[in-house]
Amino acid sequence: MHQPVIPFAWLEGFLDCLAANRDLFETLTYDDLPWGADHDGKASYPDERRAWQAQLADGSRDPDKIYLLLQHDVDDAPERTVALLRAEERLGLRSSVFLFHRHVDEPAAAAGRAVGLPYDIPHDYFGHLHRAFGFVFGYHVNAMQAALYDPDRAARLAVEDVRALGRHFPLRFYVPHGGVPGPGGENNQAIDWSAVFGEGLRCVYNPRSPRLDGAFSDGGLIPRSAAAAARPAEAFDLAAFLRSLRPGRRYRVLIHPQYYGDDWTGTPRLADAPWYRAVDRLARAGGVGVAWHLADIARAPPAPAARPFRLARTPFDRLAVADGPPVMVHGFARSGTTLLLTMLEAHPAVAMLYDAAEHRLRPAMAALDGARVAAIAEAIGAADAPDAAAAVEPALGYLVRTLWRSGIDRADLACLLRQHAAAGQGLDTPEARRDLVERLGRFKMMTARKRRWGSRSGFPIHAADRAGDPIAGAPETTRRLWPGARIVCLVRDPRDVFASLIDLGWWSGSASAFAQRWAALYASPALADPTVEAAPLIVRYEDLAADPAAVAARLTAFVGIDPDPGMLEFCRRDDLAVFGQPDRAQARLRRPIDTDRVGRHADALDPETIARITTPLAPLLHRYGYPA
């Protein structure tokens, strides 16, 4: 079995790039080509090519798109092909997959010994992909090796293979396998398989193929011939190939999935290639998939004297478009906002940012224009650790430290900041800061394969954090910057909030000062009248703790998504980003929702402190249903 030599995330990044640029790329299978009655593979199917050109000319094919035939030859480790096809299925991409029926030890075959190898094909799953989505499955001819290089026996075995595979999905195409040649140099290409199969199957690669405008292949990455070993390392740079493509043309990308995996080891022939060193470094830092399409591709200049397609568009164009407005969660610290965010994140349609808010992006000392943001992006991307990256710019340090909770790492952030600056934006206006938050949210939505995004628009608990804006982080600000946002405001008995803040050491001022700050949020005019247009949804922590199912139903109805029982099962999930690294909230989030913390102030605070909070807040306590 081949040991993977390239990170699987690199391949996922390629697929993400195609999916994020559907207006530029259209992926094809061999079933999509206008074959008609053309079986003249020796002449590269000339009638098919003319029919294709006619489709471009009459508008039935978009001449401004780049057409890619995705092909996978499965020489080994079918389970790695399954991982790749599942990624394509999630992204709505289709490919043509060529399979052995039997797998043999090729070096043993070349020595005259027949040794079978495991090759477990999930026929039911592959059949489902064909029927439901139009994936194409074909025959990867290795009959010469299986027949120990006896041409007559190879022909008989090939017919048996086609019949066996044809029981699971229709076979219309075949590809001869290269592999280890026989003692006399015999290989699968030595036989005219069209004479064996008749016109029932078309050869589409190695040596016959429809005419293309270019092709990429990772074949020979682990070479078995002198010719394969002579291929330079640059020939395997898929990103460089993608940069060379032009609209109105069609190309093939041939991937051998066995070369890719999470447990990659590297290969000496790529060790000195700059592109591979960058891939290896980024993969070990966890950011290779993002860097693939946001940094490497987007920053590459177009080839000279060619009409460029625009991969370097602003993320608002290239990132996925949401099915509805963002979901913005407000609430004072220690009010249960992390719990509510995690419930929303557990919904299959919603991707939540935990700690990205417009007012938190405000520069601490000086305005950050586009040039400064670009420089910060480069420094963050080059830093060798999150703490070093956070020290680059204090005004952005919290993003580096906390976005991991959303599944956006340092390399991702650097790429997104670079894109933000390339679009001519800094962070020196509320609108520019809003755009970066939206950039982050839509990126999270795309990578999480979801349809809606949202964020916590955290309210500064200390007045000094407002930086001159009396409503920083308040619902009015959110409504102004995102007019259609679904605003959810979580409220909790302020006496319980104060007890929690004191317990964590987050509040060093007086109880009276806390009451004043708490009122600055919850006395907001935006929260006063629930009948006004775009009124926020008020959720009491106590109601959430007592009947989470009822609150989840209210929440999904308000946001405009279908109810999902997974929202209440978040504590049993291991795939949520918030559980990806140690965090003080994890222990609480790992437990089902309960009422243990409701009314904690009665035991935690003395009567005088409770009175200093209760007396000035009495009208607001009454408004939100708390005893005064």
Side-chain angles (χ1 to χ4, degrees), residues 1-6 8 71-85 97-123 126 137-168 171 174-191 193 196-197 203 205-207 217-231 236 254-269:
M1 179 184 294
H2 286 104
Q3 180 66 28
V5 296
I6 296 180
F8 184 74
Q71 177 177 329
H72 309 314
D73 289 0
V74 187
D75 297 346
D76 199 354
E79 67 277 5
R80 296 177 201 161
T81 298
V82 171
L84 177 57
L85 297 187
V97 185
F98 292 87
L99 306 164
F100 297 150
H101 171 56
R102 65 192 90 208
H103 189 21
V104 298
D105 185 326
E106 295 183 29
R113 294 182 293 111
V115 179
L117 295 175
Y119 193 77
D120 297 325
I121 303 173
H123 293 109
F126 287 179
F137 293 90
Y139 176 37
H140 198 30
V141 186
N142 66 339
M144 281 291 280
Q145 286 91 354
L148 301 183
Y149 305 94
D150 177 337
D152 292 333
R153 182 165 179 251
R156 293 194 298 272
L157 291 181
V159 172
E160 292 176 9
D161 292 346
V162 167
R163 288 173 179 169
L165 289 171
R167 288 196 292 266
H168 303 284
L171 293 183
Y174 70 93
V175 168
H177 173 58
V180 176
E186 308 92 342
N187 214 323
N188 291 288
Q189 297 180 40
I191 295 181
W193 294 108
V196 176
F197 302 131
C203 180
Y205 180 74
N206 200 20
S217 172
D218 59 8
L221 189 56
I222 300 177
R224 290 179 171 176
S225 68
R231 289 189 71 194
F236 299 99
L254 170 57
I255 297 294
H256 293 77
Q258 66 265 19
Y259 293 150
Y260 304 83
D262 295 333
D263 54 341
W264 77 98
T265 60
T267 173
R269 71 181 311 189

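Just so it is clear, the values below take in all heavy atoms, side chains as well, and ignore hydrogens, waters and symmetry mates. Positions are given from 1, in the same order as the sequence printed here. Since the model is a prediction, treat every value here as computed from it, not as a measurement.
Between Ile191 and Ala154 the shortest heavy-atom distance is CD1-CB, 4.0 Å. The two atoms that bring Leu221 and Arg269 nearest to each other are O-CD, 3.0 Å, heavy atoms only. The nearest pair of heavy atoms linking Val115 to Ala108 is CG2-CB, 3.8 Å. Closest heavy-atom contact between Pro183 and Tyr149: CD-CD1, 4.3 Å. Minimum interatomic distance between Val82 and Pro122 (heavy atoms only, all atoms of both residues): CG2-CG, 3.6 Å. Annotation for Thr265 and Gln3: closest pair CG2-CG, 3.3 Å, computed over non-hydrogen atoms.
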* Check the pair Leu99, Phe137 against side chain to side chain contact (heavy atoms under 4.5 Å, CB included), reporting the backbone distance first and the verdict last. => CA-CA 7 Å; Leu99 306 164; Phe137 293 90; 4.0 Å; yes

* Going through the checks in order, is the side chain to side chain contact (heavy atoms under 4.5 Å, CB included) test met by Ile255 and Tyr260? -> CA-CA 9 Å; Ile255 297 294; Tyr260 304 83; 3.7 Å; yes

* Determine, step by step, whether Val97 and Gln71 satisfy the side chain to side chain contact (heavy atoms under 4.5 Å, CB included) criterion, reporting the C-alpha distance in whole Å, the side-chain angles of both residues, the deciding distance to 0.1 Å, and the verdict. => CA-CA 6 Å; Val97 185; Gln71 177 177 329; over 6 Å; no

* Would Thr267 and Tyr259 satisfy side chain to side chain contact (heavy atoms under 4.5 Å, CB included), going step by step from the backbone distance to the final call? -> CA-CA 10 Å; Thr267 173; Tyr259 293 150; over 6 Å; no

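Although no hydrogens or angles enter the test, the distance criterion places a donor-acceptor pair under 3.5 Å between the side chain of Gln145 and the main chain of Gly178. Asn206 places a side-chain N or O within donor-acceptor distance of the main-chain N or O of Pro176, the cut-off being under 3.5 Å. Between the Arg231 side chain and the Gly219 main chain, a donor and an acceptor come within less than 3.5 Å of each other. Under a 3.5 Å cut-off, the side chain of Glu186 and the backbone N or O of Gly184 do form a donor-acceptor pair. Arg80 places a side-chain N or O within 3.5 Å of a backbone atom of Gln258 that can act as its donor or acceptor partner. With hydrogens and angles disregarded, a donor-acceptor distance shorter than 3.5 Å links the side chain of Asn188 to the backbone of Met144.
Here CD of Glu160 is found 8.0 Å from NE2 of His101. Values are rounded to the nearest 0.5 Å. The CG atom of Asp75 lies 8.5 Å from the CG atom of Asn142; values are rounded to the nearest 0.5 Å. To the nearest 0.5 Å, atoms NE2 (His123) and CG (Leu165) are separated by 6.0 Å. Here CG of Leu157 is found 4.5 Å from CZ of Arg102. Values are rounded to the nearest 0.5 Å. Rounding to the nearest 0.5 Å gives a distance of 6.5 Å between CZ of Arg156 and CG of Asp150.
Remark: Phe197 pairs with Tyr174, Trp193 by the ring pair (Phe, Tyr, Trp, His ring centres under 6.0 Å) rule, at least two apart or across chains. With sequence neighbours excluded, the residues forming a ring pair (Phe, Tyr, Trp, His ring centres under 6.0 Å) with Phe100 are His103, Tyr119, His140, His177, listed by chain and number. Under the side-chain hydrogen bond (donor to acceptor under 3.5 Å, both in side chains) criterion, His256 pairs with Asp218, sequence neighbours left out.
Within the 4.5 Å cutoff, the side chain of Phe8 has heavy atoms near those of the Leu84 side chain. Looking at Asp120 and Pro78, their side chains never come closer than 4.5 Å, going by heavy atoms from C-beta outward.
Heavy atoms from other residues, nucleotides or ligands lying under 6.0 Å from CG of Asp263 number more than 12.
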